[in-house]
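Written below as structure tokens is the structure these notes are about.
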Amino acid sequence: MTMSSAKIECVLRENWRCGESPVWEEASNSLLFVDIPAKTVCRWDSLSKQVQQVTVDAPVSSVALRQSGGYVATVGTKFCALNWEDQSAVVLATVDKDKKNNRFNDGKVDPAGRYFAGTMAEETAPAVLERRQGSLYSLFPDHHVEKYFDQVDISNGLDWSLDHKIFYYIDSLSYSVDAFDYDLQTGKISNRRSVYKLEKEEQIPDGMCIDVEGKLWVACYNGGRVIRLDPETGKRLRTVKLPVVKTTSCCFGGKDYSEMYVTSARDGMDPEGLLQQPEAGGIFKITGLGVKGIPPYPYAG
């Protein structure tokens with residue numbers, strides 16, 4: 001079969017410092033995402049093309065839908081509930097209390113409505129940080145938190161297989177996409193293994209999502225691309241290059257989840273790099289991939 005040719009456009013050129021955690025909200029035809037160092041959660045209306053923002057009091061690294069309305073987000077080392085109308089954030093739980101230099105990074109809700117998110121040490125420069133300070137956590141619907149493991153460098157992309165029996169996870173500086181056996185009833189994970197090792201030019205694995213065929217899409221930070229992987233064979237199936245090098249995360253959205261949205265960053269780039277990549281920090285839409293994604297799960301608590 002021939003690869004359908006993908007079309008890439010920059011739909012939002014507001015040059016976010018570090019755009020991350022794109023999530024499609026079907027009800028409002030909007031893309032949610034965060035700008036970590038700017039401490040803002042953004043909502044881009046794909047119809048009006050307007051962006052609304054809520055500013056919080058610490059770096060915000062992921063956002064997710066909430067079943068009861070509004071959103072949840074990881075802010076600093078806190079899981080928070082976000083009320084968009086009055087722009088307030090209510091703390092649901094706090095982690096890593098003994099590690100003052102830590103913050104959350106990427107997070108996503110599992111098919112049972114638990115909010116998974118991992119931590120890392122605050123960076124002194126992009127991808128430069130104290131190693132193995134992070135952990136992976138999950139906020140259950142009753143607001144209690146479980147810790148899965150520690151010794152994480154940069155906790156990043158995560159998603160679940162279509163049958164919900166496998167949890168996929170990226171610790172960026174391991175340059176690997178890993179899989180765990182997953183128990184949806186209990187939220188327990190076991191039997192960690194690597195399903196794909198990144199090649200040199202692919203650089204640092206960052207955010208990740210799954211498509212309707214059960215294949216993984218990984219945004220490659222400093223690699224300027226998203227790659228499509230088959231987690232069963234460990235093979236790369238496709239590379240889609242973007243006009244910016246610091247691609248950070250990806251999700252499916254739009255009409256019937258046939259569009260892919262990719263976030264990017266500009267922090268850590270020199271003036272020359274910014275001149276060469278005027279769209280750095282923009283939000284990109286990829287159409288014509290020939291595969292659809294699945295809707296995000298909402299947090300059940």
Side-chain angles (χ1 to χ4, degrees), residues 1-24 31 33 35 44 46 106 126-127 154 156-157 159 168 170 172-177 195-231 233-254 257-293:
M1 96 173 214
T2 56
M3 287 287 178
S4 52
S5 63
K7 176 176 164 240
I8 301 169
E9 66 179 301
C10 186
V11 291
L12 202 49
R13 289 189 66 148
E14 297 203 16
N15 302 122
W16 313 98
R17 289 178 58 193
C18 184
E20 264 284 6
S21 182
V23 180
W24 186 256
L31 183 76
F33 61 96
D35 186 344
W44 175 70
S46 66
D106 210 351
I154 301 178
N156 237 321
D159 218 327
Y168 297 109
I170 291 169
S172 288
L173 299 187
S174 70
Y175 299 93
S176 170
V177 179
V195 294
Y196 183 79
K197 286 278 190 209
L198 275 84
E199 295 176 19
K200 197 166 167 53
E201 74 276 9
E202 290 167 347
Q203 296 283 340
I204 303 174
D206 201 330
M208 170 169 63
C209 67
I210 198 164
D211 65 29
V212 290
E213 295 173 5
K215 308 299 189 270
L216 301 174
W217 292 81
V218 178
C220 299
Y221 184 83
N222 284 345
R225 66 191 72 188
V226 289
I227 54 176
R228 186 182 190 224
L229 312 173
D230 185 334
T233 63
K235 297 262 189 297
R236 181 182 67 236
L237 304 173
R238 185 164 187 189
T239 299
V240 179
K241 296 198 174 169
L242 284 95
V244 294
V245 72
K246 293 189 182 294
T247 36
T248 55
S249 192
C250 52
C251 78
F252 284 93
Y257 293 90
S258 63
E259 304 166 347
M260 175 175 279
Y261 288 90
V262 181
T263 50
S264 72
R266 60 192 283 120
D267 266 18
M269 292 179 67
D270 58 23
E272 190 184 345
L274 292 170
L275 275 175
Q276 288 165 355
Q277 298 173 36
E279 295 171 328
I283 309 285
F284 296 84
K285 178 171 85 171
I286 307 178
T287 48
L289 284 174
V291 67
K292 296 175 181 177

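Start at 1 with the first residue, then count along the sequence.
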Give the intermediate values and the outcome of side-chain contact (heavy atoms from CB on, under 4.5 Å) for residues Glu199 and Arg236. CA-CA 10 Å; Glu199 295 176 19; Arg236 181 182 67 236; 3.4 Å; yes

Using the side-chain contact (heavy atoms from CB on, under 4.5 Å) rule, take Cys209 and Asp159 through it: C-alpha gap first, then chi angles, then the decisive distance, then the call. CA-CA 6 Å; Cys209 67; Asp159 218 327; 4.0 Å; yes

After noting the C-alpha distance and the side-chain angles of Thr247 and Phe284, does the key distance pass the side-chain contact (heavy atoms from CB on, under 4.5 Å) rule? CA-CA 10 Å; Thr247 36; Phe284 296 84; 6.0 Å; no

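Residues Pro231 and Leu216 come closest through the heavy atom pair CB-CD1, 4.0 Å. Listed here is the closest heavy atom pair of Ile170 and Asp206: CD1-O, 3.5 Å. Between Gly19 and Thr248, the closest heavy-atom pair is O-OG1, 2.6 Å. Contact detail for Pro126 and Gly268: the closest heavy-atom pair is CG-CA, 3.8 Å. Looking at every heavy atom in both residues, Ser176 comes nearest to Pro205 through N-CG, 4.1 Å. Scanning all heavy atoms of the two residues, the minimum distance from Asn15 to Ala280 falls at ND2-O, 2.9 Å.
Ile283 has its side chain within reach of Phe33: a pair of non-hydrogen atoms, C-beta onward, lies under 4.5 Å apart. Using a 4.5 Å cut-off on side-chain heavy atoms (C-beta onward), Ile227 and Cys220 make contact. Side-chain contact check for Ser172 versus Tyr221: every heavy-atom pair is 4.5 Å or farther apart. Using a 4.5 Å cut-off on side-chain heavy atoms (C-beta onward), Trp217 and Val291 make contact. With contacts defined as side-chain heavy-atom distances shorter than 4.5 Å, the pair Val11/Ser46 does not qualify. Proximity of Val262 to Arg225: side-chain heavy atoms (C-beta onward) are nowhere separated by under 4.5 Å. Trp44 places none of its side-chain heavy atoms less than 4.5 Å from the side chain of Glu14. Phe252 places a side-chain heavy atom less than 4.5 Å from the side chain of Leu289.
Of the inter-residue distances, the one linking Ile286 atom CD1 with Lys7 atom NZ reads 12.0 Å to the nearest 0.5 angstrom. Rounding to the nearest 0.5 Å places CZ of Arg228 at 12.0 Å from OG1 of Thr239. Atom OG of residue Ser174 and atom CD1 of residue Ile204 lie 11.0 Å apart, to the nearest 0.5 angstrom. In this structure, CD in Glu279 is found 11.0 Å from CG in Leu12, a value given to the nearest 0.5 Å.
For the residue pair Thr263/Ser249, the side-chain donor-acceptor check at 3.5 Å is not satisfied.
Within 6.0 Å of NZ in Lys292 there are 12 or fewer heavy atoms belonging to other residues, nucleotides or ligands. Atom NZ of Lys285 has more than 12 neighbouring heavy atoms from other residues, nucleotides or ligands inside a 6.0 Å radius.
The one candidate from Gln277, Gln276, Arg266, Met269 that meets the side-chain contact (heavy atoms from CB on, under 4.5 Å) condition with Val244 is Gln277.
Between the side chain of Asp106 and the backbone N or O of Ser21, no donor-acceptor pair lies under 3.5 Å. No donor-acceptor distance shorter than 3.5 angstrom exists from the side chain of Asn222 to the backbone of Gln203, with no hydrogens or angles considered. Judged by distance alone, with hydrogens and angles left aside, the side-chain atoms of Asp35 form a donor-acceptor pair with the main-chain N or O of Arg17 at under 3.5 Å. For the pair Asp230 (side chain) and Gly214 (backbone), a donor-acceptor distance under 3.5 Å is absent. The closest donor-acceptor contact from the side chain of Ser264 to the backbone of Gly282 lies under 3.5 Å.
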